[in-house]
Structures are given as structure tokens and as C-alpha cells.
Amino acid sequence: MSQKNHEGKKSARERLQEERARERARARRGRQAIVAGAVVVVLAVAGGIAVWASSSSEKPAANDNEVAVPKKASDGARPAVPVGAAGAPSTLTVWEDFRCPACRQFETGFRPVIHELEDSGRLKSEYHLVTIIDGNAGGQGSRNAANAALCAQDAGKFRAYHDVLYTHQPPEPQDKFADKQYLLQLAGKVKGLVTPAFTKCVNDGRYNRFVEKSNDSFAGSGYRGTPTVLLNGKDLSKEKGGQFSPADLKKMVLDAGKAKQPGKKSAPPQGQQSAAPHTGASPQGRHPGRSAAPPADLNGGSAAPRAGLNGGSAAPRAGLNGGSAVPHP
């Protein structure tokens, strides 16, 4: 056999091997996509279409005794981190993702009033951390940021660090929160938070399973976007047609607690000061997947001067409904 024929056959064999390798890779990706079990829901947001996907965890569900639980956090079916006086007459339940732009809008708009009500003993908040955007857009920023926030909970500084993360949230396509060194750098903005114990907790991903369990709980909750915000069990995105403002939240909380004593006051968590009374800026919305302009509401989309909890863009005020979408909520 001539050397030329030999090389030709060898080249043919190599091409065949490469093609088979590509076919195996395609089949493997297909199996992974099926195993991931992504659920895609189409939402109508302010006359438009938003796609929300929530992927199941890549890891098999663990037994409760395999899940590390942060100090004072609640485990069980719906893991959560409490903020505020335990005996407060009203409870705000918040489901959110640290990479979600609409969650940042909500936090920016509602934070002053929430802090004021928490610090006065009128409101306690329960934060449920989810990883929708990691599942839809790829990456680990939602999970790593949530784990770091839970590490801060061990140090009694969850609220302060939670606020720092939203204040420094990177653009959605940039998974900067996946960088644990960046998370540690941001922790330096909270007095006394960066310690050897905190650093080890962040680097080890100590509460990753707690975060995964919380995300699994969200996937089975029936809620379809972030932020999902409830006051005393009532979905605020359905209040006032989603045109819900910080002033409305304050009124509802004060009205609900008229005949009740506030919870026992405690000093604001170390590393942060009590918020001054809310000046009126409206929240920003439930994550429709895109950052919004000025404040948004609890509805999700970007909005003009004021936005709400519902999500679509709105004229003067928007609501709590728009939440994460395209490709998340």
C-alpha cells in the first residue's frame, strides 16, 4: 500500500472518529437537557410576551439532615431567613434572586419603608433565596451570592450584606457574583463581616444545599416570577391592579397592626443604620428579565416615574407583577 493511500485511510478513520465523538457529545447534551427538566412558562406582561424558565437543580434532592442551616434561619419545606422582630404583627414574604434586575428595582424602591417598619417592630420579613437566572442564563452567581448572604446571616449581618449585593448588582448578562473574591470584596463594605469564618463559609459554599432547597421550593410553589412579595399571605402584585407603592405597603402594615403591640425592638443589625422614613420613590419590579428605568413596581417591567409589583412598563406607576422573565422569572 502506498504511503499516500495509507494516509488517506488514516485521515478517513480520524474523520469518522471525530464525527462519532461529535454525535456522542450531542446525545449527551440532549440527555442533560432532559434531565435538567427546564419548565418554560409564557407570561403576558403589559401586552408583551415574557418567557420564564425555572430549571430544576442539577443535584438530586438531599435529605433535610444533609442541609446546613444558617443561624436563626428556618428550614423545612420553605427555607427562609428572618429579618426584624419575631413578634411583629405583620410578615412580609419575599422570594428573590440576587441576579434579578427587577428584584433590585423592588429593593431599591421599597427598602427604606421596609427597614423603617422592621426597625419599629411593625414588620418582620422572610427572605426566600432562589436561583432562577443561574438555571436559565447559566452561571453560578445567584447561588454563590445567596450562599454568601447566608454566611452573613451567621454573623448577624444578613440585611446589611443583602442590601450591598443589590446595590452592586452587575448587569444581568455578567455573572460577576459567581466570583467569590468579588463577593468577599463587597463584604468589606459591611463593618466587621469579613472574618476567617465568613471567608471560609463563602469559599466552601457551606449553604449551597440550603439555597438549592429553597429554589426547589420556589419551583413547586406555583409562583412564576421574582420578586414575588406577599404581606400576611396576600400577594401584593394583585393589590390595586399591581399599582402598589411603598406608601401603600406602609399603610397596609400600620392598618394591620392598629390593635396590636409592635414586636420587641432591637438595635439595627451591625454594619447598617436604620433607614430614614421613605421619601416616596416607588419600587422597581418583579423581574421581567430586563433592567428597568426609574423605579419599577412589584409587577415586573420597567416603568416611568413609578413602577409596581406587576411587571409591565407603566405610566406614572407600575406594579409588582412583571417579575423575572425572558429568560428567567
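Quick note: numbers below take in every heavy atom, side chains included, and nothing from hydrogens, waters or symmetry partners.
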For this session: May I ask you to test the Glu239-Leu231 pair for a side-chain heavy-atom distance under 4.5 Å?
Result: no
For this session: Taking the side chain as every heavy atom from C-beta outward, state whether Phe158 and Tyr127 have any pair of such atoms under 4.5 Å apart.
Result: yes
Seminar exercise, completed: Here the pair of heavy atoms bringing Val164 nearest to Lys189 is CG1-CD, 4.1 Å
Exercise. Going by heavy atoms in the side chains, are Leu92 and Lys124 under 4.5 Å from each other?
Worked result: no
Problem set entry | Student check: side-chain heavy atoms of Pro101 and Ile133 closer than 4.5 Å | yes
For this session: Please check if the side chain of Gln169 supplies one atom and the backbone of Cys100 the other of a donor-acceptor pair under 3.5 Å.
Result: yes
For this session: State, to 0.1 Å, how close Ala187 and Phe198 come at their nearest heavy-atom pair, and which atoms those are.
Result: CB-CE2, 3.4 Å
For this session: Can you run down the disulfide (SG to SG under 2.5 Å) pairs that involve residues 205-252, sequence neighbours left out, and say none if there aren't any?
Result: none
For this session: Heavy atoms only: give me the nearest Arg206-Ala68 pair and the separation to one decimal.
Result: O-CB, 3.8 Å
Exercise. For Asn232 and Thr91, does a side-chain donor sit closer than 3.5 Å to a side-chain acceptor?
Worked result: no
Exercise. Would the number of heavy atoms belonging to other residues, nucleotides or ligands and lying under 6.0 Å from NZ of Lys176 be above 12?
Worked result: no
Problem set entry | Heavy-atom check, side chain of Phe110 versus side chain of Val229, under 4.5 Å | no
Problem set entry | Distance-only side-chain donor-acceptor flag, Asp97 / Thr226, under 3.5 Å | no
Exercise. When you check the side-chain N and O atoms of His162 and Gln153, is any donor under 3.5 Å from an acceptor?
Worked result: no
Seminar exercise, completed: CG of Asn208 to CZ of Arg143, rounded to nearest 0.5 Å, is 4.0 Å
Exercise. Can Tyr207 and Asp154 be said to form a side-chain contact (heavy atoms from CB on, under 4.5 Å), step by step?
Worked result: CA-CA 11 Å; Tyr207 296 118; Asp154 280 348; 2.4 Å; yes
For this session: Kindly assign one of parallel, tilted or perpendicular to the pair Phe177 and Tyr182, based on the angle between their ring planes and the thresholds 30° and 60°.
Result: parallel
Seminar exercise, completed: Correct closest heavy-atom pair for Leu183 and Tyr161 would be O-OH, 2.8 Å
Exercise. Which pairs with one or both residues in residues 120-236 pass disulfide (SG to SG under 2.5 Å), sequence neighbours excluded?
Worked result: Cys151-Cys201
Exercise. Out of curiosity, Arg78 CZ to Asp216 CG, how far, rounded to the nearest 0.5 Å?
Worked result: 12.5 Å
Exercise. Can you name the ring-ring contact (aromatic ring centres under 6.0 Å, His included) partners of His128, sequence neighbours left out?
Worked result: Trp95
For this session: Output the distance between atom CG (Leu129) and atom OG (Ser217), rounded to the nearest 0.5 Å.
Result: 11.5 Å
For this session: Taking the side chain as every heavy atom from C-beta outward, state whether Leu249 and Ile114 have any pair of such atoms under 4.5 Å apart.
Result: yes
For this session: Evaluate side-chain contact (heavy atoms from CB on, under 4.5 Å) for Asp163 paired with His115, printing each intermediate quantity in order.
Result: CA-CA 11 Å; Asp163 294 349; His115 282 193; 2.8 Å; yes
For this session: Could you give me the CA-CA distance, side-chain angles and deciding distance for Tyr166 and Cys103, then say whether side-chain contact (heavy atoms from CB on, under 4.5 Å) is met?
Result: CA-CA 8 Å; Tyr166 276 116; Cys103 297; 3.6 Å; yes
Exercise. Do Tyr223 and Asp235 get their side chains close enough for a donor-acceptor pair, meaning under 3.5 Å?
Worked result: no
Exercise. Do Glu116 and Lys250 meet the salt-bridge criterion of a basic N to acidic O distance under 4.0 Å?
Worked result: yes
Problem set entry | Nearest heavy-atom neighbours spanning Ser125 and Glu118 | OG-OE2, 2.6 Å
Exercise. Does Asn144 reach the main-chain N or O of Ala178 with its side chain, forming a donor-acceptor pair under 3.5 Å?
Worked result: yes
Exercise. Given the rule in the side-chain contact (heavy atoms from CB on, under 4.5 Å) test, do Leu254 and Lys251 qualify, once you have shown the distances and angles that lead to the verdict?
Worked result: CA-CA 5 Å; Leu254 295 180; Lys251 184 177 186 304; 6.0 Å; no
Exercise. Does Val194 belong to the same Ile/Leu/Val/Met/Phe/Trp/Tyr cluster as Leu165, with side-chain heavy atoms less than 4.5 Å apart forming each link?
Worked result: no
For this session: Mind checking the CG-NZ spacing from Leu236 to Lys234? Nearest 0.5 Å is all I need.
Result: 8.5 Å
Exercise. Can you tell me if Lys240 uses its side chain to pair, donor with acceptor, with the backbone of Ser245 under 3.5 Å?
Worked result: no
Problem set entry | Within-4.5 Å side-chain heavy-atom neighbours: Arg111 and Thr167 | yes
Seminar exercise, completed: What one should report as the nearest heavy-atom pair of Glu96 and Val94 is OE1-CG1, 3.5 Å
Problem set entry | Side-chain H-bond candidate by donor/acceptor type, Glu212 with Thr131, under 3.5 Å | no
Exercise. Hey, are the side chains of Asn203 and Gln181 touching, using non-hydrogen atoms and a 4.5 Å cut-off?
Worked result: yes
